[in-house]
Amino acid sequence: MCGIVGYIGSRNIKEFLIEGLKELEYRGYDSAGIAILQDGALHICKAVGKLENLINKCASIGHEGFGVGIGHTRWATHGKPTELNAHPHLGEFSYVVHNGIIENFKTLKEELDPDRFVSQTDTEVIVHLFERELRNHSDPFKAFEATIARLRGSFAILLITKAAPDTIFFARESSPLIVGTKGEEIFFASSDAPLIGHAQQVHYLADGEYGFARPGEVVLFHDGRRIEASYQPLTIDKELAQKGGYRFFMEKEIYEQSEVIGETLMGRVKEDRIEFEELDRTFFEGIDSITLCACGTSFHAGLTGSYLIERLAKIPARAEIASEFRYKEPLLRPNTLFVAISQSGETADTLEALKMAKRANLKTLAICNVDNSSIVRLADRTLLTRAGIEKGVASTKAFTTQVALLWMLALYLAQRELPPSTLERELQSLLHLPTALRVPPQLHERIRRLSKRYLHGHGFFFIGRDIFYPLALEGALKLKEISYLHAEGYPAGEMKHGPIALADPELFTIALMPKGLLYDKIKSNVEELSARDATICAISPTPFELADDYIPIEEQEHPMLEYFQMALVLQLLAMEIAIRLGNDVDMPRNLAKSVTVE
Ligand code: F6R
C-alpha cells in the first residue's frame, strides 16, 4: 500500500525523504520516487523495486539549504510497477504524490490534453488539472482548491510547484495524511512513523481538509472555510506507530479489511458487470473446468471459490491442496484453467503445482497479493488482491481479499448468462463489502469478553455448510495457529458420521449459522450436538435458543456478506483467545510467513 512523505525546511531534504520512505517500507511497495524544489529548480528521481535502487539513482540531486520536497512509495494498483507509473507525477512545472484513487480520472483526462499524459495512473490527472487551473487563477492556492473540488474518490495529496517555490499544497479525503511542525520546519507523512523524532507536534487531517504549508505556517481549510489545526504531541514508539495504535499487526490487519477490500473492488465492479483490466474474454475461450490450487488459508479461499464458480458460472471447479496435487499424478486436461492462489506468491508447493500446469500447457491464472513474485511471474495472467503487505503470520486480510476476488471471478465468468436482476444483486452485495467488514466496537468487545470462556477444554469444532464449510476450516486454522489449541473444521452434516462421538461439555462447537443459506439444516446439526451436551457458540444474525454463547452478526441481503462478517468474528475470536493465553499473535511458534520450502 502506498506511502507519502513531504518536507519544508533547511535540513538535508533528500535524506529526510528517503529515511521517511524507509519507515513506510513495512507497508509494501514496488516502486518509489522523490521530487525536490530548491533554488527555483525541480529535481526528480524514481525507481522500480527497492529503495536501494532509488538511493543509487538519486545520488546527484538535492543539496544543503532550504527546499521543499515530496516522496512516495507505490504499491501498483492502476498500471504496472514501472518508472513512468511511479510517483511523483509531473506536469510542466509542478509535481504531485497521491495515495488512494481518483474515480473520475477518465472523465477529467478527456478534458485535458491527452498528449501530456505519460503514465497509466489516475494520479497524473491531478497535476495537469492543477496547471490548467493556474491559468484561470493567478493564486496557486485557488488553483489547487479548484483542482481538488473536481476530484472524486479517495486521496491524500501533496503537490509542489515552481509557481509557489516555498509551499506544499495538501489535501485529504478518506486516505490518511498527517502534518507535523517543529519551529519553521514542516513535515508530512501518511502515517506517524516517518515523523517520529522530527516533528514536535502533529495534526491528523480529517476527511475534507486541505490547505497549504510554508516555512513556519500551516494554513488549513474545510469546505472553503479556514479552520484551526488541532496539534498534539507525537508518540515516540516506532513499532507502535507502524501498528497504527493496535496491539498486534494481526489486529491492525483485521481492522484494515474494510479499506483493502475497497481497493480490491476498485475499478473492477462496474454498474452492470465485472471488468478486469488484466483479463479479456478470449483468455477463457475453450475452458470447460477450473482447478484452484493453494495451501493453508489460501486453499480455504480456493475452496470457497470452487463453490461460487460452480454455482454462478456453472463451470465445474475443484479446489486442490497444492502439496497433494503435486504427487497425486493429476489428470491435467488442456481445457482446464489452473488458478494458483497465494498471498506471498512464493509458496513452494503452489509454485511447483503451477509449474506442472504450465508443463501440461494449461492456461494459468495467479490470484496473488505480491506483484513480481515467483507465482505472478510464472502465471499467464494475474489478478492482484491488493491487500497491502500482510505482516501477521496468521493471514486475515489476504484471505478476505482472495475470497472477494474469487467471487468477482465467478461473476465475471457468469455475467453473460445471469438474469440481470441476479447480477445486480450480486454486484450490489459486492459493493457492500467494505461496510460489512467494518468492525463494530461492541462486537469486538463482546468477543473479547467471551474469549475468556474458551481457554481450556479438549478441543474445538468449527462447523458450517456450503461456503461456510471452508470458512469453518479457516476459523479452526486461525485458532490453532495462534492459540495452540486443538481445533478442527467440519462440514456440519458430517458430524454424525463420526466426530459427534467426541461431544461433551468440554468440546466447544463454533457453529456458523447464516440466515441466508441452509439455516434449518445447520440448525438441526447443532441441535444434535447440543443434545449430547457439547458447548455451543453460535455465530448468526438470529439468536439460537440452544446456544450457550451467541455472537451476533448483522442481517444481510446476501449469504456472502454473512460469510465476510463471520470471517471477521472468527479472526477476532482466535486473536482474543491467543492474547489471553499470552501468545505472540504476530509470530506464532513454529510458523513462517512465507513457506518457500517443501
Ligand atoms: C495461515 C496462513 C497459511 C498460508 C499458507 C499459504 O494463516 O497464512 O496457511 O495461507 O502458508 O501461503 P500463501 O498464501 O502465501 O501461498
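Index from 1, following the sequence.
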Q. For residues Ser451 and Arg580, is any side-chain donor paired with an opposing acceptor at under 3.5 Å?
A. yes
Q.
Using the rule given for side-chain hydrogen bond (donor to acceptor under 3.5 Å, both in side chains), can you reason through Thr121 versus Thr123, listing the C-alpha separation, both sets of side-chain angles and the distance that settles it, and then say yes or no?
A. CA-CA 5 Å; Thr121 66; Thr123 300; 4.5 Å; no
Q) Excluding sequence neighbours, so at least two apart, what forms salt bridge (charged side-chain N to carboxylate O under 4.0 Å, His left out) with Arg247? A) Glu251, Glu576
Q | Closest non-hydrogen atom pair, Ala487 against Leu479 | A | CB-CD2, 4.0 Å
Q: Just jot down the side-chain contact (heavy atoms from CB on, under 4.5 Å) partners of Ala301, sequence neighbours excluded, or say none.
A: Phe399, Gln402, Val403, Leu406
Q) Do you see a donor-acceptor pair shorter than 3.5 Å between the side chains of Asp192 and Tyr204? A) yes
(Q) To the closest 0.5 Å, what do you measure between CZ (Phe460) and CG (Leu573)? (A) 7.0 Å
Q. How far apart are the closest heavy atoms of Ala322 and Cys293, and which atoms are they?
A. CA-SG, 3.6 Å
Q: For Arg318, enumerate each residue passing the salt bridge (charged side-chain N to carboxylate O under 4.0 Å, His left out) test, keeping only those at least two apart in sequence or located in another chain.
A: Glu320
Q) Should Asp586 and Lys391 count as an ion pair when the cut-off is N to O under 4.0 Å? A) no
Q: Determine which pairs satisfy salt bridge (charged side-chain N to carboxylate O under 4.0 Å, His left out) with at least one residue from residues 548-567, sequence neighbours left out, and list them in order.
A: Arg453-Asp549
Q: Report yes or no: does Arg446 contribute a side-chain atom to a donor-acceptor pair with the main-chain N or O of Tyr550 at less than 3.5 Å?
A: yes
Q. Side-chain donor-acceptor pair under 3.5 Å between Asn99 and Ser175, yes or no?
A. no
Q) Is the ring centre of Tyr469 less than 6.0 Å from the ring centre of Tyr490? A) no
(Q) Can you give me the closest heavy-atom contact between Leu431 and Leu265, atom names plus distance? (A) CA-CD1, 4.2 Å
Q. Do NZ/NE/NH1/NH2 and the carboxylate oxygens of Glu424 and Arg273 come within less than 4.0 Å?
A. no
**Q.** Closest non-hydrogen atom pair, Ile274 against Gln415
**A.** N-OE1, 2.7 Å
Q: Name the orientation class of the two ring planes belonging to Phe564 and Trp407 (parallel below 30°, tilted from 30 to 60°, perpendicular beyond 60°).
A: parallel
Q.
Quick check for you: to the nearest 0.5 Å, what is the distance between Asn369 atom CG and Leu383 atom CG?
A. 12.5 Å
Q. In terms of side-chain heavy atoms, does Arg465 have a donor or acceptor partner in Asn525 at a distance below 3.5 Å?
A. yes
Q. For residues Ser540 and Tyr519, is any side-chain donor paired with an opposing acceptor at under 3.5 Å?
A. no
(Q) Between Ser373 and Glu346, is the side-chain hydrogen bond (donor to acceptor under 3.5 Å, both in side chains) condition met? List the steps. (A) CA-CA 6 Å; Ser373 57; Glu346 302 297 345; 4.7 Å; no
**Q.** Closest heavy-atom pair and its distance - Ala404, Leu430
**A.** O-CD2, 4.3 Å
Q. Hey, is CD on Gln232 packed in by over 12 heavy atoms from elsewhere, all under 6.0 Å?
A. yes
Q: Could you give me the CA-CA distance, side-chain angles and deciding distance for Glu103 and Arg152, then say whether salt bridge (charged side-chain N to carboxylate O under 4.0 Å, His left out) is met?
A: CA-CA 6 Å; Glu103 283 166 8; Arg152 299 285 163 270; over 6 Å; no
Q: Report the residue from Ile70, Val97, Leu151 that forms a side chain to side chain contact (heavy atoms under 4.5 Å, CB included) with Ile157.
A: Leu151
Q) So which heavy atom on Leu378 is nearest to which on Thr364, and how close? A) O-OG1, 4.5 Å
Q | Interatomic distance, Arg448 atom CZ to Ile577 atom CD1 [nearest 0.5 angstrom] | A | 13.0 Å
Q. Looking only at atom types and distance, does a side-chain atom of Glu488 sit under 3.5 Å from a main-chain N or O of Ala476, one as donor and one as acceptor?
A. no
Q.
Can you see whether Tyr246 has Lys252 sitting over its ring - NZ or CZ less than 6.0 Å from the centre and within 45° of the normal?
A. no
Q) Quick one: NZ on Lys397 to CD on Glu390, what's the gap to the nearest 0.5 Å? A) 6.5 Å
**Q.** Approximate separation, where rounding is to 0.5 Å, of Ser31 OG and His87 NE2
**A.** 7.5 Å
Q: For residues Tyr255 and His444, establish whether the separation of their ring centroids is below 6.0 Å.
A: yes
Q | Geometric class of the Phe170/Phe188 ring pair [parallel <30°, tilted 30-60°, perpendicular >60°] | A | tilted
Q: State which residue, out of Glu275, Glu278, Glu277, fulfils the salt bridge (charged side-chain N to carboxylate O under 4.0 Å, His left out) condition with Arg268.
A: Glu278
Q: Would you please say whether a donor-acceptor pair under 3.5 Å links the side chains of Gln428 and His558?
A: no
Q) Counting only heavy atoms not in Lys270, do more than 12 sit closer than 6.0 Å to its NZ atom? A) yes
Q. Listed by chain and number, what are the side chain to side chain donor-acceptor pair (under 3.5 Å) partners of Asp272, not counting sequence neighbours?
A. none
Q | salt bridge (charged side-chain N to carboxylate O under 4.0 Å, His left out) contacts touching residues 466-485 (sequence neighbours left out) | A | Arg311-Asp466, Glu474-Lys478, Lys478-Glu481
Q: Answer yes or no: is there a donor N or O on one side and an acceptor on the other, between the side chain of Asn85 and the main chain of Ser119, under 3.5 Å?
A: no
Q) With ring centroids as reference points, do Phe468 and Phe462 lie under 6.0 angstrom apart? A) no
